[in-house]
2 protein chains.
Amino acid sequence: MKENSRYVAVREVFQQFVRIFGQLQRGGAQDCGISVIQSHILYELGKRPNISLNDLAALLHTDTSSLSRQVQQLVEYGQVNRLPDPKDRRYVVLSLTAEGEQKQQYIAEFMETFLSEVFSKIPEDQHEQVFQTLEVMKTALNSTSSPCRKEPPSS
Amino acid sequence: MKENSRYVAVREVFQQFVRIFGQLQRGGAQDCGISVIQSHILYELGKRPNISLNDLAALLHTDTSSLSRQVQQLVEYGQVNRLPDPKDRRYVVLSLTAEGEQKQQYIAEFMETFLSEVFSKIPEDQHEQVFQTLEVMKTALNSTSSPCRKEPPSS
DNA sequence: AAACAATAGTTGCAAAAATCAATTATTGTT
DNA sequence: AACAATAATTGATTTTTGCAACTATTGTTT
């Protein structure tokens with residue numbers, strides 16, 4: 001296990017990723033007057049509209065009861081639509097309103113601005129390698145972590 | 001700005017890092033009967049012993065009042081030593097007890113086991129590149145400050 | 001078709017945690 | 001000596017979380 005010591009460094013880097021990114025998300029969310037979890041909801045709904053609450057909870061690794069209340073707030077704020085699914089009325093169908101879309105866009109730009117600054121610190125000729133490596137890690141992570149449920153009943 | 005679309009993918013990957021890693025940390029902490037923040041405290045104290053509460057709060061991007069209570073619990077659990085600093089008695093000096101060290105080790109192994117599984121999904125001949133890239137990203141992240149806020153979306 | 005089980009979502013409630021101001025103790029400064 | 005500044009804690013209020021109970025709808029069994 002000569003590589004094992006390297007995992008210590010890898011963990012350290014990941015820990016920093018998490019901390020810095022968490023900090024960023026907090027900033028972006030606060031600018032929009034919402035919580036971090038709510039910004040994740042907007043993000044996920046932007047990517048996968050018309051998802052159910054249950055599937056969203058699985059994606060975000062959170063409890064349905066907490067999520068239900070967070071969504072409730074976003075509905076009250078006018079940022080999320082929540083309608084019963086006509087095909088199976090136990091489900092709800094969640095989507096972004098125009099305003100929700102706007103906030104989601106704002107946060108996305110916020111994050112991407114930060115990332116562009118990060119990459120400006122990396123020599124241009126290494127960018128491609130970084131992108132590739134991140135993709136490699138993404139697929140490796142996905143095949144290691146517990147899988148999320150997909151295929152929502154509607155849509 | 002031609003690279004901008006790539007940042008979307010980068011954000012996506014980072015978001016997954018954060019989510020999966022957060023999940024992991026929750027698991028490791030729960031195994032030890034402590035909260036996630038408390039596991040971070042143990043981690044940081046393992047790396048930088050004899051730190052003050054204030055400096056720890058800065059490292060963890062958290063409030064001193066919350067942190068004080070979390071530390072208080074860890075002291076009660078017998079995992080953290082908290083002594084007034086003889087050089088400046090406004091400060092406290094935090095460090096791990098033997099039991100705290102043990103928990104910190106357990107969590108570290110937990111994480112490293114996971115990471116070794118992740119890397120087992122990556123072809124051996126790419127490991128070196130991944131390690132290198134992570135280091136590159138680490139230094140880039142560290143030398144990047146949080147972005148200045150633009151004006152938040154209306155409403 | 002009626003009865004029963006299973007599922008999605010919501011709500012109630014108690015515990016945990018975050019937040020912000022006030023307080024104490026110590027050190028630095030004028 | 002008096003005052004300002006800092007580290008840490010504590011109080012009090014509000015948020016958030018977690019678990020269980022509950023409602024409504026759909027699937028299944030007989």
Side-chain angles (χ1 to χ4, degrees), chain A residues 19 22-23 25-27 29-30 32-41 44-45 48 50-77 80-95 148-155, chain B residues 19 22-23 25-27 29-42 44-45 48 50-77 80-95:
Chain A
R19 223 170 267 166
Q23 179 87 346
Q25 289 175 330
R26 213 165 307 137
Q30 272 180 355
C32 289
I34 59 180
S35 68
V36 175
I37 312 105
Q38 287 174 338
S39 77
H40 287 188
I41 294 171
E44 216 56 56
L45 290 185
R48 326 177 82 208
N50 303 323
I51 198 177
S52 77
L53 188 79
N54 235 350
D55 293 335
L56 185 58
L59 284 172
L60 299 178
H61 300 116
T62 184
D63 198 51
T64 54
S65 66
S66 304
L67 192 62
S68 176
R69 284 181 250 254
Q70 298 285 353
V71 167
Q72 170 63 25
Q73 271 197 327
L74 290 174
V75 170
E76 285 169 8
Y77 294 163
V80 166
N81 298 313
R82 177 182 52 188
L83 296 169
D85 188 333
K87 300 186 179 182
D88 186 337
R89 299 212 308 287
R90 288 175 298 186
Y91 291 78
V92 293
V93 175
L94 302 175
S95 60
C148 302
R149 230 194 91 201
K150 299 186 181 224
E151 200 52 79
S154 60
S155 91
Chain B
R19 225 171 266 166
Q23 179 89 346
Q25 290 175 330
R26 215 166 305 141
Q30 272 180 355
D31 279 2
C32 290
I34 58 179
S35 69
V36 175
I37 312 107
Q38 287 174 340
S39 77
H40 286 189
I41 293 171
L42 296 188
E44 215 56 55
L45 289 186
R48 326 178 78 203
N50 304 323
I51 198 177
S52 77
L53 188 79
N54 233 357
D55 294 337
L56 185 58
L59 284 173
L60 300 177
H61 299 117
T62 184
D63 199 50
T64 54
S65 65
S66 305
L67 193 61
S68 176
R69 283 181 249 255
Q70 298 285 353
V71 167
Q72 170 63 25
Q73 271 197 328
L74 290 174
V75 170
E76 285 169 7
Y77 294 164
V80 166
N81 298 313
R82 177 183 50 188
L83 296 169
D85 187 333
K87 301 188 179 182
D88 185 337
R89 300 213 307 288
R90 287 174 298 185
Y91 291 79
V92 293
V93 175
L94 302 174
S95 60

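Here is the naming used below: chain letters follow the sequence lines, and residue numbers restart at 1 for every chain.
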Between A:Arg90 and A:Asp88, is there a side-chain N and carboxylate O pair less than 4.0 Å apart?
-> yes
Give, ordered by number, those residues of residues 63-73 of chain B having at least one heavy-atom distance below 4.0 Å to an atom of DNA chain D; if nothing qualifies, reply none.
-> B:Thr64, B:Ser65, B:Ser68, B:Arg69
Distance in angstrom units between [X] [atom1] and [N] [atom2], rounded:
| X | N | atom1 | atom2 | value |
| --- | --- | --- | --- | --- |
| B:Gln30 | D:dC19 | CD | P | 8 Å |
| B:Leu60 | C:dA18 | CG | C1' | 15 Å |
| A:Ile41 | D:dT16 | CD1 | P | 11 Å |
| B:Arg89 | C:dG28 | CZ | P | 12 Å |
| A:Lys87 | D:dG27 | NZ | P | 13 Å |
| A:His61 | D:dG18 | NE2 | C1' | 17 Å |
| A:Gln38 | D:dT15 | CD | C1' | 11 Å |
| A:Leu83 | D:dT25 | CG | P | 15 Å |

Given side-chain contact (heavy atoms from CB on, under 4.5 Å), test A:Leu59 with A:Ile51 step by step and report yes or no.
-> CA-CA 10 Å; A:Leu59 284 172; A:Ile51 198 177; 3.5 Å; yes
Which one is paired to D:dG27, where only Watson-Crick or G-U wobble pairs with both distances under 3.5 angstrom count?
-> C:dC4
Side chains of B:Val75 and B:Leu94 in contact at under 4.5 Å (non-hydrogen atoms) = no
Choose from D:dA8, D:dT25, C:dG9 the nucleotide whose nearest atom is closest to any side-chain atom of A:Asp88.
-> D:dT25
With a 4.0 Å cutoff (strictly under), does any side-chain N or O of [X] reach OP1 or OP2 of [N]?
| X | N | result |
| --- | --- | --- |
| B:Arg90 | D:dA5 | no |
| B:Arg82 | D:dT9 | yes |
| A:Asn54 | C:dG9 | yes |

Cut-off 3.5 Å, side chains only: do A:Gln23 and A:Arg26 have a donor facing an acceptor?
-> yes
Around A:Arg82, counting heavy atoms of other residues, nucleotides and ligands shown, do more than 12 lie under 6.0 Å from its CZ?
-> yes
Using modelled atom types only, decide if a donor and an acceptor are shared between the side chain of B:Ser68 and the backbone of B:Ser65 within a distance under 3.5 Å.
-> no
Rounded distance (nearest 0.5 Å) linking atom CD of B:Gln70 with atom CD of B:Gln73 = 6.0 Å
